[in-house]
Amino acid sequence: MKKLFFLLLVCLFTHVAGAQKNVSAPTVSLPIDSVTRLITYEGVIEVKGVAADELYRRMQQWFGSFYKNPGEVVRENDSVKYKMMGKPRFRISNPPDKSGLKTDAGIVQYTIQVAAKEGRFRYEITEYNWKQLSYYPCERWMDTKSQSWVPAYNAYMEQLDKYTKDLINNLHQELSHAKPVKDRDDW
């Protein structure tokens, strides 16, 4: 009788532990490219009546204003093909502990490519990796069946998604609207 009771107790705890892991399943759905299997945000934005060279100029201004150190970020700046590519980084934090304190969880690096054509520009943001001693692709955060998966990965994915959506919104705003240019002769 004791053995049966102990066996039922073990089964109950195993079931509860398994159920708790399922409760922490990813809370955000990140876009995955069907070919590369990488987290990829991409899109084409129409900007009617704007020439490719003007969009390229706006793109350069955006890279210069959005990133604190654009010289370190920009890896390709092609004025013939109207294309720029960069490898920027951003910080993520651990979920707050019981006292509400958030601690640093490290740095995520990604690749951003922006290209312009007559009346439109295209962006692609991909190759996210969590800076570790060795290459650690952020796609691992979504593998809830992995032995190394921890619930904090949900918070990391939410931060990655929010950061990228804010970046895309900022890019869209800056490239879609011309900034007024001051007339230097009118003083």
Side-chain angles (χ1 to χ4, degrees), residues 23-47 55-77 82-116 120-144 146 148-177 179:
V23 169
S24 297
T27 55
V28 65
S29 177
L30 301 176
I32 301 295
D33 185 90
S34 61
V35 176
T36 64
R37 307 297 303 154
L38 297 175
I39 299 167
T40 304
Y41 293 80
E42 58 188 345
V44 175
I45 308 295
E46 298 286 330
V47 188
L55 284 173
Y56 176 71
R57 187 188 62 73
R58 291 181 192 179
M59 187 188 324
Q60 287 180 307
Q61 287 179 335
W62 179 81
F63 268 90
S65 66
F66 189 79
Y67 296 111
K68 290 180 182 175
N69 190 354
E72 182 182 307
V73 169
V74 176
R75 305 291 168 89
E76 181 183 332
N77 190 353
Y82 304 123
K83 178 179 169 183
M84 292 183 76
M85 187 272 288
K87 293 215 174 249
R89 300 181 294 252
F90 65 95
R91 290 202 164 277
I92 57 173
S93 59
N94 288 310
D97 61 9
K98 292 178 184 176
S99 65
L101 178 68
K102 286 186 176 183
T103 56
D104 185 42
I107 295 174
V108 172
Q109 184 173 17
Y110 60 96
T111 300
I112 179 170
Q113 293 184 36
V114 185
R120 64 183 187 263
F121 67 92
R122 181 181 70 85
Y123 64 87
E124 180 182 64
I125 307 163
T126 191
E127 296 177 4
Y128 291 90
N129 72 84
W130 190 21
K131 300 300 278 182
Q132 302 288 311
L133 292 175
S134 62
Y135 188 81
Y136 194 102
C138 293
E139 288 79 15
R140 285 189 188 175
W141 293 343
M142 295 186 285
D143 185 7
T144 58
S146 171
S148 62
W149 188 86
V150 293
Y153 290 169
N154 282 334
Y156 301 166
M157 288 188 293
E158 288 172 359
Q159 291 171 62
L160 182 150
D161 188 53
K162 181 182 180 333
Y163 174 86
T164 306
K165 286 179 178 175
D166 290 346
L167 179 148
I168 292 168
N169 186 41
N170 187 284
L171 177 70
H172 182 270
Q173 293 297 319
E174 293 295 317
L175 268 63
S176 295
H177 306 296
K179 290 187 177 181

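With hydrogens and angles ignored, the 3.5 Å screen pairs no side-chain donor or acceptor of Gln173 with any backbone N or O of Asn169. In terms of modelled atom types and a separation under 3.5 Å, the side chain of Gln159 and the main chain of Ser93 share a donor-acceptor contact. The backbone N or O of Trp141 sits less than 3.5 Å from a side-chain atom of Trp149, completing a donor-acceptor pair. Without hydrogens or angle criteria, Thr40 side chain to Leu38 main chain gives a donor-acceptor distance under 3.5 Å.
Note: Tyr110 and Tyr163 meet the aromatic proximity criterion, with ring centroids under 6.0 Å apart. Checked against the 6.0 Å centroid criterion, the rings of Tyr67 and Trp62 qualify as a close aromatic pair.
Atom CG of Leu175 sits about 9.0 Å away from atom CD of Gln61, to the nearest 0.5 Å. Separating the CD atom in Gln113 from the CD atom in Glu127 is a distance of 7.5 Å, to the nearest 0.5 Å. Here the CD atom belonging to Gln60 is positioned 11.0 Å from the OH atom belonging to Tyr82, to the nearest 0.5 angstrom. In this structure, the separation between CG on Leu167 and CD1 on Ile125 is 4.5 Å, given to the nearest 0.5 Å. Rounded to the nearest 0.5 Å, atoms CD (Glu139) and CD1 (Ile32) are 5.5 Å apart. Going from atom CG of Asn129 over to atom OG1 of Thr111 covers 8.0 Å, rounded to the nearest 0.5 Å.
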Could you walk me through whether Tyr128 and Thr164 pass side-chain contact (heavy atoms from CB on, under 4.5 Å), step by step?
CA-CA 11 Å; Tyr128 291 90; Thr164 306; 2.7 Å; yes

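Proximity of Glu42 to Asp33: side-chain heavy atoms (C-beta onward) are separated by under 4.5 Å at one or more points. Using a 4.5 Å heavy-atom cutoff, the side chains of Tyr56 and Asn77 are in contact. Counting heavy atoms from C-beta outward, Tyr123 and Val44 have side chains that stay 4.5 Å or more apart.
Residues His172 and Ile45 approach most closely at CD2-CG2, 3.1 Å, considering heavy atoms. Annotation for Cys138 and Trp130: closest pair SG-N, 3.7 Å, computed over non-hydrogen atoms. In terms of heavy atoms, Ala155 sits closest to Pro95 at CB-CG, 3.7 Å. Nearest heavy atoms, Leu55 versus Ala116: CB-CB, 3.7 Å. Nearest heavy atoms, Met59 versus Lys83: SD-C, 4.5 Å. Across every non-hydrogen atom of Pro70 and Phe63, the tightest pair is CB-O, 3.6 Å.
Other residues, nucleotides and ligands contribute over 12 non-hydrogen atoms within 6.0 Å of the NZ atom of Lys87.
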